[in-house]
Student: 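Before we start, here is the structure in question, set down as C-alpha cells.
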Amino acid sequence: MTETIVTSNDTAAAPTTPWHLWVVGILSLLWNGFGGYDYVMSQTRNMEYLGGMAPSPEAARELVAMLEAFPAWMEFFWALGVWGAIAGSVLLLMRNRFAVHAFAVSLLGMVVGMVYQMTMTNAPEWTTEGALAIFPWVIMLIGVLLLAYAISMRRKGWLR
C-alpha cells in the first residue's frame, strides 16, 4: 500500500512578524510624533515652545514672523510631511501595505518644504547656521530610510 503525503499551505503556520519591524515602527512613531508635536506647537504659535527653540526672545519673534509668512501651499505640504509620516508609522505597526503610500506622501511634503526653506529669504539667520542648518537634511534622510524600509517589508510580504 502506498502512502500519500498531503501538504497544504492552509495548515502552514503564518510567519511571525520580524522583531525589527516593531523596533522600527515604535521608533518611527516616537520620532514622527515629535514632528506632530512641533507642528501643533508651531501652528498654535505657542511662545513657550517656540521661545525654547530660539536663542533669545527677539529670535522667537523672528521665528513667529517667518511662520506667519508661510504661504498656504507651504502649510499644506508641511502638514503632508508631518501627518503622512505619523500615518506611515502607525500603518507600519499595523503591518499595513499602505504604510508605503503614507511615507511616500510624507516624503513629498518634506521635499517641497525643504526646497521652500532653502529658497525663502525671510528665514532668521540663526535658523540657517550650525545644527539647525543640517537638521532638515537629517529629517529628509530618516524619511527616505523609512520609505525604503516600508517598501522592503512590503516586498518581503510582511505588510498586508
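In this chain, numbering begins with 1 at the start of the sequence shown.
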Student: Check the hydrophobic clustering (I, L, V, M, F, W, Y; side-chain heavy atoms under 4.5 Å; chains of links allowed) and say if Tyr149 and Val138 are grouped together.
Tutor: yes
Student: When rounded to the nearest 0.5 angstrom, what is the spacing between CD1 in Ile151 and CG in Leu146?
Tutor: 11.0 Å
Student: Could you tell me whether a side-chain N or O of Ser89 sits under 3.5 Å from a main-chain N or O of Ala85, the two making a donor and an acceptor?
Tutor: yes
Student: Rounded to the nearest 0.5 Å, how far does CG of Leu92 lie from CZ of Phe98?
Tutor: 14.5 Å
Student: What side chain to side chain donor-acceptor pair (under 3.5 Å) pairs are there with at least one residue in residues 63-85, not counting sequence neighbours?
Tutor: Gln43-Glu75, Arg45-Glu68
Student: Going only through I, L, V, M, F, W and Y residues with side-chain contacts under 4.5 Å, is there a path from Trp137 to Ile142?
Tutor: yes
Student: Are the side chain of Asn32 and the backbone of Gly35 linked by a donor-acceptor contact shorter than 3.5 Å?
Tutor: no
Student: Do side-chain atoms of Thr119 reach the backbone of Val115 as a donor and acceptor pair under 3.5 angstrom?
Tutor: yes
Student: How about Phe76 and Val112: do any of their side-chain heavy atoms sit closer than 4.5 Å?
Tutor: no
Student: Determine, using the 4.5 Å side-chain heavy-atom cutoff (strictly less than), whether Leu145 and Phe34 are members of one ILVMFWY cluster.
Tutor: no
Student: To the nearest 0.5 angstrom, please state how far the CG atom of Leu147 sits from the OG atom of Ser106.
Tutor: 9.0 Å
Student: Report yes if some heavy atom in the side chain of Leu21 is under 4.5 Å from a heavy atom in the side chain of Arg95; otherwise report no.
Tutor: yes
Student: Side-chain contact, heavy-atom cut-off 4.5 Å: Asp38 with Met41?
Tutor: no
Student: Which atoms form the tightest heavy-atom contact between Met47 and Ala60, and what is the distance?
Tutor: CE-CB, 4.0 Å
Student: Tell me whether Glu48 at atom CD has more than 12 heavy atoms from other residues, nucleotides or ligands lying less than 6.0 Å away.
Tutor: no
Student: What I'd like to find out is whether the side chain of Met118 reaches to under 4.5 Å of the side chain of Met114, using heavy atoms alone.
Tutor: yes
Student: Can you name the closest pair of heavy atoms from Gly113 and Met74 and give their distance?
Tutor: CA-CE, 3.5 Å
Student: Decide whether Ile86 and Met94 are clustered together by the hydrophobic rule: side chain heavy atoms of Ile, Leu, Val, Met, Phe, Trp, Tyr closer than 4.5 Å, transitively.
Tutor: yes
Student: For Ile26, run the side-chain contact (heavy atoms from CB on, under 4.5 Å) check against Leu30, Leu29, Val24, Val23 and tell me which one passes.
Tutor: Leu30
Student: Do Leu91 and His101 have side chains that approach each other closer than 4.5 Å (heavy atoms only, starting at C-beta)?
Tutor: no
Student: Quick check against the 3.5 Å criterion: does Ser42 have a side-chain atom that pairs as donor or acceptor with the backbone of Tyr39?
Tutor: no
Student: Side chains of Leu107 and Val144: does their closest heavy-atom pair fall under 4.5 Å?
Tutor: yes
Student: Side chains of Leu50 and Leu67: closer than 4.5 Å at any heavy-atom pair?
Tutor: yes
Student: Quick check on the hydrophobic clustering: are Leu141 and Val100 connected, directly or via other members, by side-chain heavy-atom contacts under 4.5 Å?
Tutor: no
Student: Is it true that Phe77 and Tyr116 have ring centroids separated by less than 6.0 Å?
Tutor: no
Student: Please report the shortest heavy-atom distance between Gly88 and Phe103, naming the atom on each side.
Tutor: C-CZ, 3.3 Å
Student: Between Ile139 and Trp31, is there a side-chain heavy-atom distance shorter than 4.5 Å?
Tutor: yes
